[in-house]
2 protein chains.
Amino acid sequence: MERTLKVLDGKWTTLIVRELLSGPKRFGDLRAAMGSPSAKTLTDRLRALEHQRILTRTVYAEVPPRVVYQLTEEGESLSDVLDAMLRWGEAHPLTED
Amino acid sequence: MERTLKVLDGKWTTLIVRELLSGPKRFGDLRAAMGSPSAKTLTDRLRALEHQRILTRTVYAEVPPRVVYQLTEEGESLSDVLDAMLRWGEAHPLTED
DNA sequence: CCGTATCCCGGAGGATACTG
DNA sequence: CAGTATCCTCCGGGATACGG
(Lines give C-alpha, C1' and ligand atoms only; values in the text may rest on other atoms or scores of the structure.)
Protein backbone atom coordinates (compact mmCIF):
# COMPACT_ATOMS: atom_id res chain seq x y z
CA MET A 1 0.00 0.00 0.00
CA GLU A 2 2.75 2.37 1.05
CA ARG A 3 4.67 1.40 -2.03
CA THR A 4 1.71 2.01 -4.32
CA LEU A 5 1.09 5.41 -2.80
CA LYS A 6 4.72 6.36 -3.22
CA VAL A 7 4.75 5.36 -6.89
CA LEU A 8 1.47 7.09 -7.71
CA ASP A 9 2.51 10.23 -5.86
CA GLY A 10 2.01 13.66 -7.36
CA LYS A 11 -0.75 15.27 -9.35
CA TRP A 12 0.46 14.02 -12.72
CA THR A 13 1.84 10.56 -12.16
CA THR A 14 -1.38 8.66 -12.61
CA LEU A 15 -2.08 10.57 -15.79
CA ILE A 16 1.33 9.71 -17.23
CA VAL A 17 0.83 6.02 -16.63
CA ARG A 18 -2.62 6.13 -18.12
CA GLU A 19 -1.35 7.76 -21.30
CA LEU A 20 1.45 5.27 -21.68
CA LEU A 21 -0.87 2.31 -21.24
CA SER A 22 -2.01 2.90 -24.80
CA GLY A 23 1.56 2.60 -26.06
CA PRO A 24 4.99 4.30 -25.93
CA LYS A 25 4.95 8.04 -26.48
CA ARG A 26 7.34 10.86 -27.19
CA PHE A 27 7.87 13.67 -24.71
CA GLY A 28 5.94 16.24 -26.70
CA ASP A 29 3.00 14.00 -27.50
CA LEU A 30 2.76 12.88 -23.92
CA ARG A 31 2.80 16.45 -22.75
CA ALA A 32 0.09 17.54 -25.19
CA ALA A 33 -2.10 14.56 -24.30
CA MET A 34 -2.08 15.53 -20.63
CA GLY A 35 -3.06 19.15 -21.00
CA SER A 36 0.45 20.60 -21.17
CA PRO A 37 1.94 20.59 -17.71
CA SER A 38 5.15 22.59 -17.50
CA ALA A 39 8.16 20.87 -19.03
CA LYS A 40 9.91 20.95 -15.68
CA THR A 41 7.09 19.20 -13.89
CA LEU A 42 6.69 16.54 -16.53
CA THR A 43 10.43 15.90 -16.62
CA ASP A 44 10.56 15.61 -12.83
CA ARG A 45 7.72 13.09 -12.73
CA LEU A 46 9.12 11.09 -15.64
CA ARG A 47 12.53 10.90 -13.97
CA ALA A 48 10.95 9.70 -10.75
CA LEU A 49 9.00 7.00 -12.54
CA GLU A 50 12.07 5.98 -14.46
CA HIS A 51 14.02 5.66 -11.23
CA GLN A 52 11.29 3.48 -9.81
CA ARG A 53 11.44 1.24 -12.90
CA ILE A 54 7.88 2.06 -13.91
CA LEU A 55 8.96 3.24 -17.32
CA THR A 56 12.00 3.43 -19.59
CA ARG A 57 13.44 6.42 -21.39
CA THR A 58 14.96 5.91 -24.82
CA VAL A 59 16.88 8.63 -26.61
CA TYR A 60 17.32 8.41 -30.36
CA ALA A 61 20.42 10.24 -31.50
CA GLU A 62 18.77 12.18 -34.28
CA VAL A 63 18.34 15.80 -35.19
CA PRO A 64 15.97 16.93 -33.93
CA PRO A 65 16.16 14.58 -30.96
CA ARG A 66 13.43 12.06 -30.27
CA VAL A 67 12.83 10.65 -26.80
CA VAL A 68 10.37 7.86 -26.18
CA TYR A 69 8.87 6.80 -22.89
CA GLN A 70 7.51 3.32 -22.45
CA LEU A 71 6.08 1.42 -19.51
CA THR A 72 8.00 -1.51 -18.09
CA GLU A 73 6.17 -4.69 -17.15
CA GLU A 74 5.87 -3.31 -13.66
CA GLY A 75 4.39 -0.13 -15.07
CA GLU A 76 1.89 -1.99 -17.20
CA SER A 77 0.74 -3.94 -14.19
CA LEU A 78 -0.50 -0.68 -12.69
CA SER A 79 -3.41 -0.90 -15.09
CA ASP A 80 -5.27 -2.95 -12.48
CA VAL A 81 -5.11 -0.05 -10.06
CA LEU A 82 -5.98 2.56 -12.68
CA ASP A 83 -8.90 0.48 -13.87
CA ALA A 84 -10.28 0.30 -10.36
CA MET A 85 -9.97 4.08 -10.09
CA LEU A 86 -11.65 4.58 -13.43
CA ARG A 87 -14.53 2.28 -12.56
CA TRP A 88 -15.10 3.97 -9.22
CA GLY A 89 -15.06 7.41 -10.78
CA GLU A 90 -17.58 6.40 -13.39
CA ALA A 91 -19.86 4.76 -10.85
CA HIS A 92 -19.76 7.78 -8.54
CA PRO A 93 -19.93 10.96 -10.59
CA LEU A 94 -19.40 14.34 -9.06
CA THR A 95 -22.58 15.71 -7.51
CA GLU A 96 -21.08 19.03 -6.50
CA ASP A 97 -17.65 20.39 -5.78
CA MET B 1 -10.74 9.07 -12.99
CA GLU B 2 -10.55 12.76 -12.24
CA ARG B 3 -13.17 12.28 -9.61
CA THR B 4 -11.31 9.41 -7.97
CA LEU B 5 -8.08 11.38 -7.89
CA LYS B 6 -9.83 14.33 -6.31
CA VAL B 7 -11.39 12.19 -3.59
CA LEU B 8 -8.19 10.31 -2.79
CA ASP B 9 -6.14 13.49 -2.72
CA GLY B 10 -3.66 14.19 0.04
CA LYS B 11 -1.16 12.12 1.90
CA TRP B 12 -3.62 10.85 4.53
CA THR B 13 -6.89 10.35 2.73
CA THR B 14 -6.28 6.81 1.57
CA LEU B 15 -5.17 5.86 5.04
CA ILE B 16 -8.31 7.28 6.61
CA VAL B 17 -10.55 5.29 4.31
CA ARG B 18 -8.57 2.14 4.93
CA GLU B 19 -8.91 2.49 8.68
CA LEU B 20 -12.63 3.10 8.47
CA LEU B 21 -13.19 0.09 6.26
CA SER B 22 -12.82 -2.05 9.36
CA GLY B 23 -15.65 -0.16 11.05
CA PRO B 24 -16.57 3.28 12.47
CA LYS B 25 -13.94 4.92 14.62
CA ARG B 26 -13.60 7.82 17.03
CA PHE B 27 -11.35 10.75 16.26
CA GLY B 28 -8.68 9.77 18.75
CA ASP B 29 -8.60 6.10 17.80
CA LEU B 30 -8.43 6.97 14.14
CA ARG B 31 -5.58 9.35 14.77
CA ALA B 32 -3.61 6.83 16.81
CA ALA B 33 -4.16 4.09 14.23
CA MET B 34 -2.64 6.24 11.49
CA GLY B 35 0.55 7.22 13.25
CA SER B 36 -0.70 10.47 14.78
CA PRO B 37 -0.90 13.08 12.08
CA SER B 38 -1.46 16.56 13.49
CA ALA B 39 -4.99 17.24 14.67
CA LYS B 40 -5.32 20.04 12.16
CA THR B 41 -4.38 17.87 9.23
CA LEU B 42 -6.64 15.03 10.24
CA THR B 43 -9.53 17.40 10.80
CA ASP B 44 -9.00 19.03 7.42
CA ARG B 45 -8.99 15.70 5.59
CA LEU B 46 -12.00 14.42 7.50
CA ARG B 47 -13.96 17.55 6.67
CA ALA B 48 -13.09 17.22 3.01
CA LEU B 49 -14.20 13.60 2.94
CA GLU B 50 -17.37 14.48 4.78
CA HIS B 51 -18.13 17.19 2.26
CA GLN B 52 -17.64 14.71 -0.53
CA ARG B 53 -20.05 12.29 1.18
CA ILE B 54 -17.39 9.65 1.65
CA LEU B 55 -17.99 9.52 5.38
CA THR B 56 -20.32 10.82 8.06
CA ARG B 57 -19.47 12.62 11.28
CA THR B 58 -21.60 11.95 14.33
CA VAL B 59 -21.23 13.98 17.52
CA TYR B 60 -22.52 12.50 20.76
CA ALA B 61 -23.42 15.24 23.23
CA GLU B 62 -21.59 13.75 26.16
CA VAL B 63 -18.89 14.90 28.52
CA PRO B 64 -16.24 14.30 27.43
CA PRO B 65 -17.43 14.54 23.85
CA ARG B 66 -17.34 11.56 21.54
CA VAL B 67 -17.20 11.94 17.76
CA VAL B 68 -17.53 8.98 15.45
CA TYR B 69 -16.59 8.78 11.79
CA GLN B 70 -18.16 6.20 9.54
CA LEU B 71 -17.95 5.49 5.84
CA THR B 72 -21.00 6.03 3.68
CA GLU B 73 -21.92 3.47 1.04
CA GLU B 74 -19.94 5.52 -1.41
CA GLY B 75 -17.00 5.45 0.93
CA GLU B 76 -17.19 1.69 1.42
CA SER B 77 -17.20 1.21 -2.32
CA LEU B 78 -13.70 2.66 -2.41
CA SER B 79 -12.51 -0.67 -1.05
CA ASP B 80 -12.22 -1.91 -4.64
CA VAL B 81 -9.68 0.78 -5.39
CA LEU B 82 -7.78 0.31 -2.15
CA ASP B 83 -7.67 -3.44 -2.67
CA ALA B 84 -6.15 -2.96 -6.10
CA MET B 85 -3.53 -0.67 -4.57
CA LEU B 86 -2.78 -3.14 -1.82
CA ARG B 87 -2.41 -6.03 -4.24
CA TRP B 88 -0.09 -4.10 -6.50
CA GLY B 89 2.06 -3.00 -3.59
CA GLU B 90 2.39 -6.55 -2.34
CA ALA B 91 3.20 -7.90 -5.78
CA HIS B 92 5.86 -5.23 -6.41
CA PRO B 93 7.83 -4.65 -3.23
CA LEU B 94 10.33 -1.85 -2.92
CA THR B 95 13.71 -2.79 -4.32
CA GLU B 96 15.41 0.46 -3.40
CA ASP B 97 14.33 4.01 -2.64
C1' DC C 1 -11.78 14.53 24.25
C1' DC C 2 -12.07 16.84 20.17
C1' DG C 3 -11.28 20.03 18.25
C1' DT C 4 -9.95 25.58 16.52
C1' DA C 5 -6.53 29.32 15.89
C1' DT C 6 -1.99 30.72 14.41
C1' DC C 7 2.25 30.57 12.55
C1' DC C 8 5.50 28.33 9.82
C1' DC C 9 8.06 25.37 6.34
C1' DG C 10 9.15 22.33 2.37
C1' DG C 11 8.35 20.95 -1.85
C1' DA C 12 5.24 20.19 -6.03
C1' DG C 13 4.34 22.66 -9.72
C1' DG C 14 4.08 26.91 -12.88
C1' DA C 15 6.46 30.84 -15.93
C1' DT C 16 9.99 32.22 -18.50
C1' DA C 17 14.33 32.19 -20.80
C1' DC C 18 17.91 29.62 -22.71
C1' DT C 19 20.65 25.31 -24.98
C1' DG C 20 22.46 20.93 -27.53
C1' DC D 1 12.53 18.70 -30.01
C1' DA D 2 13.40 17.91 -25.50
C1' DG D 3 14.96 19.34 -22.25
C1' DT D 4 17.86 22.81 -18.12
C1' DA D 5 18.21 26.65 -15.24
C1' DT D 6 15.98 30.07 -12.26
C1' DC D 7 12.80 32.10 -9.77
C1' DC D 8 8.38 32.18 -7.65
C1' DT D 9 3.79 30.82 -5.73
C1' DC D 10 0.63 28.01 -3.41
C1' DC D 11 -0.90 24.93 -0.06
C1' DG D 12 -0.68 20.39 2.50
C1' DG D 13 0.88 19.42 6.66
C1' DG D 14 3.42 20.02 11.22
C1' DA D 15 4.02 22.55 16.00
C1' DT D 16 2.13 24.85 19.52
C1' DA D 17 -1.30 27.01 22.32
C1' DC D 18 -5.87 27.52 23.62
C1' DG D 19 -11.28 26.52 24.05
C1' DG D 20 -16.06 24.10 24.93
Side-chain angles (χ1 to χ4, degrees), chain A residues 1-20 23-52 54-71 85 97, chain B residues 1-20 23-52 54-71 85 97:
Chain A
M1 181 97 246
E2 244 174 84
R3 157 81 158 142
T4 312
L5 288 175
K6 180 164 284 184
V7 167
L8 261 31
D9 188 49
K11 190 163 94 188
W12 296 104
T13 312
T14 309
L15 230 31
I16 292 174
V17 175
R18 187 177 63 176
E19 288 304 327
L20 292 183
K25 279 193 177 52
R26 305 181 53 169
F27 184 87
D29 294 341
L30 188 54
R31 186 161 178 236
M34 317 174 41
S36 300
S38 69
K40 172 183 167 299
T41 299
L42 184 53
T43 301
D44 287 352
R45 295 293 98 208
L46 286 170
R47 291 290 188 282
L49 289 171
E50 186 188 4
H51 184 243
Q52 289 165 122
I54 299 304
L55 52 79
T56 58
R57 176 174 184 266
T58 310
V59 183
Y60 294 88
E62 305 169 354
V63 179
R66 181 165 54 103
V67 180
V68 174
Y69 294 90
Q70 173 168 18
L71 292 179
M85 287 183 172
D97 208 24
Chain B
M1 181 94 247
E2 244 175 84
R3 157 80 157 141
T4 312
L5 287 175
K6 179 165 285 184
V7 167
L8 260 31
D9 188 49
K11 190 164 95 188
W12 297 103
T13 311
T14 310
L15 230 32
I16 293 174
V17 174
R18 186 176 66 175
E19 289 302 327
L20 292 183
K25 281 193 175 53
R26 305 181 52 169
F27 184 87
D29 294 341
L30 188 54
R31 187 161 177 236
M34 320 174 36
S36 301
S38 70
K40 171 183 169 297
T41 299
L42 184 52
T43 301
D44 287 351
R45 296 292 98 208
L46 286 170
R47 290 290 186 283
L49 289 171
E50 187 188 3
H51 184 243
Q52 288 167 123
I54 299 303
L55 52 78
T56 58
R57 175 173 184 266
T58 310
V59 183
Y60 294 89
E62 306 170 354
V63 179
R66 181 164 55 102
V67 180
V68 173
Y69 294 89
Q70 175 169 19
L71 292 179
M85 288 183 173
D97 209 25

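Letters go in sequence order (proteins before strands), and every chain restarts at 1.
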Worksheet item: Atom CG of A/Leu42 and atom P of C/dG14: how far apart are they, to the nearest Å?
Response: 10 Å
Discussion item. For C/dG3 and B/Arg57 - does any side-chain N or O of the residue sit under 4.0 Å from the phosphate oxygens OP1/OP2?
Written reply: yes
Worksheet item: Looking at C/dC1, D/dC1, D/dG14, which one has an atom nearest to any side-chain atom of B/Pro37?
Response: D/dG14
Worksheet item: Whole-Å distance between C/dA12 P and A/Leu8 CG?
Response: 15 Å
Discussion item. Nearest 0.5 angstrom please: B/Lys11 NZ to B/Met34 CE, how far?
Written reply: 10.0 Å
Practice prompt. Taking only the side-chain heavy atoms of A/Ser38 (C-beta and beyond), determine which of D/dA2, C/dA15, C/dC1 contains the nearest atom.
Written response: C/dA15
Practice prompt. Could you check how far CG of A/Asp29 sits from P of D/dA2, rounded to whole Å?
Written response: 7 Å
Fill in: Whole-Å gap separating C1' (D/dG13) and CZ (B/Arg31)
12 Å
Worksheet item: For B/Tyr69, which contact category applies under a 4.0 Å heavy-atom criterion: base, sugar-phosphate, or nothing?
Response: sugar-phosphate
Worksheet item: Has the side chain of B/Glu50 got a donor or acceptor atom that lies under 3.5 Å from a matching backbone atom of B/Leu46?
Response: no
Practice prompt. Would you please confirm or rule out a distance under 4.0 Å between OP1 or OP2 of D/dA2 and any side-chain N or O of A/Arg26?
Written response: yes
Worksheet item: Below 4.0 angstrom from OP1 or OP2 of C/dA12, is there any side-chain N or O of A/Thr41?
Response: no
Worksheet item: Atom CG of A/Asp9 and atom P of C/dG11: how far apart are they, to the nearest Å?
Response: 12 Å
Item to complete: Nearest whole angstrom, please: distance from the C1' of C/dG3 to the CG of B/Leu30.
Response: 14 Å
Discussion item. What's B/Arg47 touching, base or sugar-phosphate or nothing? Going by heavy atoms closer than 4.0 Å.
Written reply: sugar-phosphate
Worksheet item: Quick check: does any side chain N or O of B/Glu19 sit under 3.5 Å from a backbone N or O of B/Leu15, one acting as donor and the other as acceptor?
Response: no
Practice prompt. Report the C-alpha distance between B/Leu20 and B/Tyr69 in whole Å, list the side-chain angles of each, state the deciding distance to 0.1 Å, and finish with yes or no for side chain to side chain contact (heavy atoms under 4.5 Å, CB included).
Written response: CA-CA 8 Å; B/Leu20 292 183; B/Tyr69 294 89; 4.1 Å; yes
Practice prompt. Check every atom of D/dC1, C/dG14, C/dA12 against the side chain of A/Arg45 and return the nucleotide holding the closest atom.
Written response: C/dA12
Worksheet item: Start at the 5' end of DNA chain D and walk down; is the nucleotide closest to A/Val68 or to A/Lys40 reached first?
Response: A/Val68
Worksheet item: Is there side-chain contact between B/Ile16 and B/Ile54, with at least one heavy-atom pair below 4.5 Å?
Response: no
Item to complete: Calculate, to the nearest 0.5 Å, the distance between atoms CG and CE belonging to B/Leu8 and B/Met85 respectively.
Response: 5.0 Å
Worksheet, complete the sentence: The correct set of residues in residues 10-18 of chain B placing a heavy atom under 4.0 Å from DNA chain D is B/Gly10, B/Lys11, B/Trp12
Worksheet item: Yes or no on side chain to side chain contact (heavy atoms under 4.5 Å, CB included) for A/Phe27 and A/Leu42, after CA distance, side-chain angles and deciding distance?
Response: CA-CA 9 Å; A/Phe27 184 87; A/Leu42 184 53; 3.9 Å; yes
Discussion item. If you only use heavy atoms from C-beta on, which nucleotide in D/dG3, C/dT4, D/dG14 is closest to the side chain of A/Phe27?
Written reply: D/dG3
Discussion item. Please report the distance, rounded to the nearest Å, between CG in B/Asp44 and P in C/dA5.
Written reply: 11 Å
